[in-house]
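FYI, the numbering just counts along the sequence from 1.
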Amino acid sequence: MTTALPLPAIHASHSGCWLRDSHGSTRATGKGEAIIAAADTPLLMLNAPLVATRLGYPDLSGLDLLELFAFIHPARFMVPTPKGLAHVLDLPEPDGDDAVPALLQIAAETLLATCSDPNWPEREGAWSALQNLTRMRWPWAPLLAARLATPAKAERWLFARLPEWEEAPERPQPAQVALAPEAITQRLGQLTGSGAEARPAQVAYASEAGEVFAPRRREGLPHVLLAQAGTGIGKTLGYLAPASLWAEQSGGTVWVSTYTKALQRQLRRESRRAWPGQRGNGTQPVVVRKGRENYLCLLNLEDALQGGFAGRAAIMAQLVARWAAYSQDGDMIGGDLPGWLGTLFRQRGIKALTDQRGECVYAGCPHYRKCFIERAARASAQADLVIANHALVMVNAARGRDHAQRPTRLVFDEGHHVFEAADSTFAAALTGAETIELRRWVIGPERGSKGRRRGLSARLADVASYDEAGGKAIAAARYAAEALPGDGWLQRLAENAPSGPLEELLAAVRATVYARDESGGQEAGYGLETEAAQFEGAFVERAQAAQEALAELRVPLVRLGVRLEAILAEPPDWLDGAGRARIEGARHSLAWRIDLLAAWEALLDRLGGPADPEFVDWLAVERSEAREFDVGIHRRWLDPMKPFARTVLEGAHGVMITSATLRDGANWDTAIARSGAAALEIAPRLSSFDSPFDYAGQAEVLIVTDVPKGDVAALAGAYGRLIEASGGGVLGLFTAIRRLRVVYGRIADRLARTGLPLYAQHVDPIDTGTLVDIFRDDPRASLLGTDALRDGVDVPGHSLRLVVMEQVPWPKPSILHRARRLAGGGSAYDDQIIRARLAQAFGRLIRSKEDRGHFVVLSSAFPSRLLSAFPDGTPITRVTLDEALHRVSGSVSARTIRSESPA
Ligand code: SF4
């Protein structure tokens, strides 16, 4: 029998509040009493920020079981709900809200008792971490200290515990091989397993995928395949079959690029069928590679542990250090660091531990040989399969450090997102936030700012003292960077007291945006923008002054780059291997900044003259919750697939772009245009494979015609009733955060009282990945969200049985959208975007042959021309809300009867 920790516990949900005292008696209580109790004595609770939100009391603190779990079992997955806690600790699930405080007492005792377990796998480092946490007055520290024995011999410190990566020779170039279709089919059979049912469409898909691995016929013209594969084809194993065969026969590396973390996880899992976890020599054949801003920077962590972080953030740093010792790869965003850990403290704390701003000092760093980022980069050079994301593949191609490591055989899964990934990768933004980053990169900390950040002169001190011209260039760059915005720039703009040519330009941008605002405050809380056109002379003069200031910074940086090249070409005696790697790193990040400055200058150069038809430029004031956070000038390519073609396609030998929603109905035009193939005058190979699902029998689309547009009360009422009719399991999709919040606020309490928990992005203090984990784990839960949930959710089975869209998902009428709409055929362009969004949202519903469900759009005037978004055969009916409720509840009861009837 598991005992309970005799400390008082609290649980708060939308349906009420429960307190349990140390003697084991639980009672329901009001919010006021609960807040007083929490202020009096530290209470056991689960997810303090969420409990605080439910109580409406932001400063709540206590003995949070999530923090204890992160200490006892770092790098272990857990859904942060009472049910999830019970599962992970092998305890009985609570059978209602009132049973949760008792569970918390038992779970706390179970976790603390782990300290006495001789087989506790995460013991090493716990005692040392606890000594630090005790000094920081972490509430759990005294309870743990009473249970955790002093280790017999000194524990290894994190930085001693982590293994070093090893240099490996470069891989030879891949052999030129052509894959036989029979060999691909045989490999597919091995991957799917002998018991798996034969899927002819998957076999045909795998054979098509094999085409992109054939030897390239002409320089600069890769094989390009666009493959639409309906949900359920089994596309992952479909392309992994030829990919693994090609890697085996050629000795080369295949990159698979995804958009969502869910697919990355699935790929990691499925790749185990084709490759072992480790080769005989200890290297990894499959590597997940992300942008460097995802990984823990050990130097930042060391700084945080040694006083860089204070208060709660310092406690978080200790828990992150516990995790780092047990993490598989040091990935903090979507890896094995619990997504909820950051929200228990503050998300910026997690970010501050990654290498966000390219400040890495490479071989100058004492942890270089243990660095997670360097390890991932080296491992991917030796891998057969690299699993990456679209943004990383593009950034790597555009400004990667090592040309030899550029991908040449590429599969873009979730290929419908390649366009938007290219759009943001190849964008330019001359804003306050961007320019102050550059200032800090050049100058380093100013006026008492803390942290280990160092400016250019500190990072290259040895170069400055050895090479006179290099030293002068650094000094000139430092001087020129003072023209960039500095700390407090937003405040100065608001007070109309800008300092320096860049701030003066930003002040003019801000004034112009407000002067031309047509929304009359209607858009309060969100960004404002205006076209970069029709400027007055004074504005153009400020742009020119800013342009000159940027050029004055770029010129010494270019000179410094030349000096670094010269030092590398004729190295002095003192330059050892580590110094060389550091200078190469500096040269690389310098080149990137020089390109950035050149792009900004080009952007400013055009403000006084005619527009460049290749680009769309605009001015914007970014706001959130009515608070300004950035001001600047933005530039996007009208067609970002042009730079994509040049940087990614042209250097590749074979590229496959695949998705369940690539085409628009039966039309390939948009998919071809959005592949970049036209820019290289390539005619891509086109293939399409229909989903094996029986949409006519598994799904129904209901267009509800009697919820008036703009009536938020009616909208909330409709959501509430649909969730009740379905008994939860609803994914609610919104196009505006404001409406989402209002709807949530009106229905969450009522639903909770009937045992139907409701969660929401942008409301609950929980990261999106964890919200989806919670939703997946509880078939009675429902989840409201915006874009990220439209195609980032993979929840097969009963947990997701109804998708509700609040309205037709029209594109936001931004300046960028207007330009692309004009170039892309007007309303036909809009329709194509909406159909793609509907198809992606519908795709959340039916993930397996067993799934059944409804897709509801609340729209009184849903245009018929959009109906082709749904798969052929799907029944589509226009109904009243009452009829929709009837059908939803009818199918829920039919499913219950089916599942209860004897087999
Ligand atoms: S090598 Fe760079 S990223 Fe890695 S730990 Fe050191 S400073 Fe951080």
Salt-bridge criterion met for K261 and D331 (N-O under 4.0 Å): no
W323 vs L341 side-chain heavy atoms within contact, under 4.5 Å: no
When you measure from the side chain of R646 to the backbone of L680, do you find a donor-acceptor pair of N or O atoms at a distance under 3.5 Å? no
So, E414 and T260: side-chain donor and acceptor under 3.5 Å apart, yes or no? yes
Below 4.5 Å, heavy atoms only, C-beta onward: do L305 and E302 meet side chain to side chain? no
Kindly confirm or rule out a cation-pi arrangement of R409 over W255, judged by NZ or CZ under 6.0 Å from the six-membered ring centre and within 45° of its axis? no
Close aromatic pair by centroid cut-off 6.0 Å: F213 and Y239: no
For a side chain to side chain contact (heavy atoms under 4.5 Å, CB included) check, start with the C-alpha distance between L604 and I633, then their side-chain angles and the critical distance, and finish with the verdict. CA-CA 9 Å; L604 293 178; I633 310 172; 3.8 Å; yes
Would you call the rings of W165 and Y368 parallel, tilted or perpendicular if under 30° counts as parallel and over 60° as perpendicular? perpendicular
F412 and F644: ring-ring contact (aromatic ring centres under 6.0 Å, His included), yes or no, with the steps? CA-CA 13 Å; F412 286 100; F644 170 83; 5.8 Å; yes
Check the surroundings of atom CD in E565: do more than 12 heavy atoms from other residues, nucleotides or ligands lie under 6.0 Å from it? yes
Would a 4.5 Å heavy-atom cut-off, applied to side chains only, mark L484 and W441 as touching? no
Under a 4.0 Å N-O cut-off, is there an ion pair linking R440 with D487? yes
Taking atom types as modelled, find out whether E155 and S128 have a side-chain donor-acceptor pair closer than 3.5 angstrom. yes
Judged by modelled atom types alone, do Y259 and D413 share a side-chain donor-acceptor pair under 3.5 Å? no
So, do F372 and D329 sit near enough that their side-chain heavy atoms are less than 4.5 Å apart? no
Between K472 and D467, is there a salt bridge with N-O shorter than 4.0 Å? no
Under 3.5 Å, is there a donor-acceptor pair between the S257 and H390 side chains? yes
Can you check whether R593 reaches L438 side chain to side chain, under 4.5 Å on heavy atoms? yes
Surrounding CZ of F629 (heavy atoms of other residues, nucleotides or ligands, distance under 6.0 Å), is the total greater than 12? yes
Under-4.0 Å salt bridge between K370 and E374: no
Is it true that the side chains of S457 and R478 contain a donor and an acceptor less than 3.5 Å apart? no
So, D423 versus W637: side-chain donor-acceptor pair below 3.5 Å or not? no
Hey, are T258 and N389 close enough side-chain-wise for a donor-acceptor pair under 3.5 Å? no
Please name the residue in the list R161, K153, R322 that meets the salt bridge (charged side-chain N to carboxylate O under 4.0 Å, His left out) test with E124. R161
Using a strict cut-off of less than 4.0 Å between a Lys/Arg side-chain nitrogen and an Asp/Glu carboxylate oxygen, indicate whether R635 and D617 qualify as a salt bridge. yes
